[in-house]
> 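So that we are looking at the same thing, I have put the structure below in structure tokens.
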Amino acid sequence: MTSTTNSGGSSKDSYFSEIKKSELGLIKNNLATAINERNADKIKEILQRIIYYMTIGMDVSILFPDVIMVASSNDIIIKKLVYLYIVHYSKSNPDLLLLVVNTLRRDCVDRNPIIRGLALRSLCSLDSKNTLEYATIEINRPLTDFSGYVRKTALLGIAKLYHLSKDAFDLDIIIPKIFDMIMDQDPQVIVNAVSTLNEIKPGWSFTFDLVQHLMVKFKEFNEWSQCIILECLSRYTPSSEDESLDILNLLDDRLSHSNSALVLSTIKIFLKYTDEFEEIQEQVYERIKEPLITLMENSESNETSFTILHHIHLLMGRSPRLFNRYYKHFYCKFDDPMYIKTLKVQVLKEIASNQTFIESIDEILQELSEYVYEGDHSLCKQSINAITVIAQKHKTTQEKYPIDESVLEKIFLPYLSVASNLTSNNNDNNNNNNNNDPYQSSAISINEGILSFILISLKDFLRVFPKHLKTVLPYINENLIGFGNISNYTLPPSANESVLWMLGESPKSQPNTPYIIEEFFNEKFDQQPTFVKTQLLTTSLKVFFDRPGEMLPIVKKILMKCCSDLSQDPGLHEISLFYSRTILLLDIDKAASIINSSKKSTSINTFLEDEINEYRDKIFDEFNTLSVLFGKHSTKFIKNKQQIENEKQQFLDNQKNYLLSITDGRQQQNNQNNQNNNNNNNNNNNNNNNNNNNNNNNNNNNNNNNQNNNQNNNQNSGKTLLKEIESSPTNLIDTFILDQQPELSPELFQSLWLSLEDGHKIDIQLDSPIDNSEIEAVMSKQGIVCLAFGSVDQQTKLYYYARQNLSFDTDYNSIDQQQQQQQPIFIIEILIDEKTLLMSILFKSPLLKTLHNKFIPKFLSILSIPIPKIFNQ
């Protein structure tokens, strides 16, 4: 054993010292010696070292026969170490497990309850069907053991064995026994019985006597056990209002607990049991809001605060006024992470959007406006959007509080004025090349992002308050667009679309609107996405109806451009044809009434997406689950077993069809080529025989001439023929040539592997283990070189690389082009699980098209030599 010397000069063995190459052999010999000497202390030290090696990932399964020899020891510590080792390597040594089963069964009836429970837990954790029969025999006796530790261990063992084999128990017999154990006096046995029933029979129902027993024992459970009990009680429906109130009174003190999981579980019970009693539920809302605020603010974990915030946001959908007086608690703190700040902004938006809460709306709006200057674009966007939504929601309260004017004058217009100042600063900087102040450029960049969000939100704001359009447009024209210069900013497409929409809603407000549209069309039309082009087309038509003389030539150019752009924007092409053929050519007045119909209608009060609250009701049924955090029902992100199996089978079928299409096409083409060659040979033989009978000399001369002509024709048309063959999808493998002696250093391989994205992954189920040398021998003959291989944690890893030989590629006709172009490289990782025999192949390459179309089919065809059944899976 390796030893270390302390400062006092004495030494002692350390099982956390450096690992040596011959360590396993030394451990094996020392363990055998310690067993012969019956030295318990030495056996403990050796087992501790083995467990340490096992913990750090070292394979010590070779010591399995030696370790099980000490399983019969009477020392509890030795038994714990041995059983921990046996359970860890039970899958890799299923046959040797039978040697230790008798020891485990003998320990299951030991006098010491700790040994009985330890042996039973280990026996049920072996995860081997070879020992399943013995485990099911031993599991019934401990259910009536006098020790609560043994009984609770037996209950969890039932759940483990049930998942190993659902036919291991007769449910008609075992479930009544588990129900009886819920009435046990030991609280841990009760909780384990409930958990086992949840695993074996999900959704099992409660009875009144069972609920009464759990409530009597409730204070004896630890906090996590209480969470399990409460989650099950949420499925119980009380028979009367009095029964509901009795249960809630017993749980009332749990709302003041420091454990957030317990508080949320209790709140779920309160909401569930009072769902049919509106007056009582209003009292429940008042009771739960302060515990939630306390947990949110005093939690040491940001993740816990985030979870509580999500539940608060969900509760506001049911009771919008619940947290009105607590709005200051949702102000963002300087050290809050961004995901909490974003959620707090949403909560503030919900509070301020409540039409009955207008007392402190100025303060909330001022707080939200401060977040615009936080520097983070995500928070800036959320804040501006929240301000816009708050203004829209309070349209009906304009008589009491004209919020639209306040938002426009205090928030939107000041930012546009700031943009005007930055524009002048930007022009001064262009004239002064010596000014290189980095802070100034940073400020311009930040305000440019703010300005983009302002413009996008202004569109929705003006749709609800169209009377302010003429007030906003002068700022837009002066600060952003400017005649002769489309914009002093690089605005995103959504901002451009908003500006164009504003111009179309008020065509006569600005005299230079037609020329702004023309400049935008001439300079930026081709770079814009389809929705901006469509908005430009609609805006130009709206301006045309009010100012036809100025807009007629501009509209013609825009329509001609849109109608001719079928390949890139087919949707825009159809819209432009509709406008030009169906509307404009028939009746201009009708076209104006149709396109300008939004102006004649009443202004918008609400948006459809704001009225859809159905998803909140569905999520409310899954309170205190991940559905609240994800904002969607569990069926949207949790797949059942059947769905997973169907997706897996579909993937395997698609992969099989893809591989079969390649091999079948190749075989059909080869058969056709062979048949054509045979026909040509027969025709040539017949012609040669006839010609020989007529004149042998002439035939010889003709044959010589034909050979010379064929050689010249082959040299001239070889590249063309190869390109025709290569373009055929049925001959992708044979025409793709690899370099037979590729070179790649391990350092370059590693850098490529880390930098390249995954190209394609294939899983192949092997019938039997395969020797690595067989794969390497076949691959090396085709120019696919093995860089490294080995076995780690019962997983074989092989790394290969290959390069394409460009001299056979028709895209590189000259030697100069071949020398200038680097050979395309392909790198492969093969992982073989030695337990399940599942082979996973991962391909990577800078040229993904060549990888998918050429290299992968060739690689799989080569791999089918050592694995003949690869295409039959």
Side-chain angles (χ1 to χ4, degrees), residues 309-310 312-324 327-328 330-332 339-374 376-398 400-416 449-469 472 494-495 497-498 501-502 602-616 631:
L309 263 173
H310 262 295
I312 290 175
H313 187 243
L314 180 65
L315 287 171
M316 293 178 65
R318 287 288 185 93
S319 181
R321 308 177 187 178
L322 184 60
F323 296 95
N324 282 358
Y327 65 92
K328 290 185 178 180
F330 301 104
Y331 284 177
C332 298
Y339 55 87
I340 289 184
K341 289 183 179 180
T342 302
L343 189 53
K344 282 185 175 180
V345 169
Q346 295 181 17
V347 174
L348 287 174
K349 180 181 69 175
E350 294 282 347
I351 293 175
S353 298
N354 186 1
Q355 297 182 1
T356 61
F357 182 72
I358 60 176
E359 294 82 3
S360 302
I361 192 170
D362 274 338
E363 188 176 347
I364 294 178
L365 289 175
Q366 183 62 32
E367 179 71 17
L368 291 173
S369 64
E370 294 294 331
Y371 301 156
V372 176
Y373 288 115
E374 284 289 327
D376 186 273
H377 280 203
S378 176
L379 182 62
C380 170
K381 181 179 180 180
Q382 292 288 340
S383 302
I384 295 175
N385 178 68
I387 293 171
T388 306
V389 172
I390 292 171
Q392 293 169 352
K393 292 291 186 179
H394 283 275
K395 181 182 179 181
T396 57
T397 62
Q398 290 187 47
K400 297 181 180 179
Y401 180 69
I403 189 174
D404 56 324
E405 296 180 0
S406 176
V407 170
L408 188 65
E409 294 176 0
K410 296 180 180 180
I411 297 175
F412 286 142
L413 295 185
Y415 288 148
L416 295 179
I450 296 174
L451 185 60
S452 300
F453 298 139
I454 287 287
L455 292 173
I456 295 171
S457 298
L458 263 177
K459 178 183 176 181
D460 292 335
F461 177 82
L462 293 173
R463 288 170 66 189
V464 179
F465 303 102
K467 63 181 181 179
H468 298 299
L469 188 62
V472 173
S494 298
E497 190 252 356
S498 299
W501 178 86
M502 295 180 209
T602 57
S603 59
I604 298 173
N605 294 325
T606 57
F607 295 100
L608 179 61
E609 56 267 22
D610 297 332
E611 299 300 321
I612 300 177
N613 292 322
E614 182 181 358
Y615 79 96
R616 281 192 174 184

> Go through it in stages, so that I can follow the logic: the residues are Met502 and Leu469, the test is side chain to side chain contact (heavy atoms under 4.5 Å, CB included), and I'd like the CA-CA distance, side-chain angles, deciding distance and then a yes or no.
CA-CA 7 Å; Met502 295 180 209; Leu469 188 62; 4.1 Å; yes
> I need the Leu458 CG to Ile411 CD1 distance, nearest 0.5 Å.
11.0 Å
> Do the side chains of Trp501 and Leu462 get nearer than 4.5 Å, heavy atoms only?
yes
> Kindly give the heavy-atom pair with the smallest separation between Val345 and Cys332, and that separation in Å.
CG2-SG, 4.4 Å
> Enter the distance from Lys393:NZ to Thr388:OG1 here, rounded to the nearest 0.5 Å.
13.0 Å
> What is the minimum heavy-atom distance between Pro320 and Asn324, and which atoms define it?
O-OD1, 3.5 Å
> Atom CG of Leu343 and atom CD1 of Ile312: how far apart are they, to the nearest 0.5 Å?
9.0 Å
> Please tell me if the side chains of Glu363 and Lys328 come closer than 4.5 Å, counting only heavy atoms from C-beta onward.
yes
> Taking the side chain as every heavy atom from C-beta outward, state whether Ile390 and Leu368 have any pair of such atoms under 4.5 Å apart.
yes
> Holding to side chain to side chain donor-acceptor pair (under 3.5 Å), I want the full list of residues that pass it with Lys459, two or more places apart in sequence or in another chain.
Glu497
> Holding to salt bridge (Lys or Arg N to Asp or Glu O under 4.0 Å), I want the full list of residues that pass it with Lys410, two or more places apart in sequence or in another chain.
none
> Tell me, do Ile403 and Leu365 make a side-chain contact under 4.5 Å, heavy atoms counted?
yes
> Please report the closest heavy-atom contact between Tyr327 and Ile364, naming both atoms and the distance.
CD1-CG1, 3.9 Å
> Strictly distance-based, threshold 3.5 Å: is any side-chain N or O of His394 a donor or acceptor partner for the main-chain N or O of Ala352?
yes
> Could you list the residues that satisfy ring-ring contact (aromatic ring centres under 6.0 Å, His included) with His468, not counting sequence neighbours?
none
> Output all residues satisfying side-chain contact (heavy atoms from CB on, under 4.5 Å) with Gln366, sequence neighbours left out; order by chain, then residue number.
Ser369, Glu370
> Quick check: closest heavy atoms across Asn385 and Lys349, and the distance to 0.1 Å?
ND2-NZ, 4.0 Å
> Let me confirm one number: the NZ-CD1 distance from Lys344 to Ile340, rounded to the nearest 0.5 Å.
6.5 Å
> Are Phe453 and Val372 side-chain neighbours, meaning at least one heavy-atom pair lies under 4.5 Å?
no
> Return the CZ to CD1 distance between Phe323 and Ile351, rounded to the nearest 0.5 Å.
8.0 Å
> Which residues pass the salt bridge (Lys or Arg N to Asp or Glu O under 4.0 Å) test with Lys381, sequence neighbours left out?
none
> Do Tyr331 and Leu348 have side chains that approach each other closer than 4.5 Å (heavy atoms only, starting at C-beta)?
yes
> Taking the side chain as every heavy atom from C-beta outward, state whether Phe461 and Leu408 have any pair of such atoms under 4.5 Å apart.
yes
> Got a sec, which residues hit side chain to side chain donor-acceptor pair (under 3.5 Å) with Glu367, two or more places apart in sequence or on another chain?
Tyr371
> Using the side chain to side chain donor-acceptor pair (under 3.5 Å) criterion, which residues pair with Glu405? Sequence neighbours excluded.
none
> Does a side-chain heavy-atom distance below 4.5 Å link Asp362 with Ser406?
yes
> OG/Ser498 to CG/Leu455 distance, rounded to the nearest 0.5 angstrom?
6.5 Å
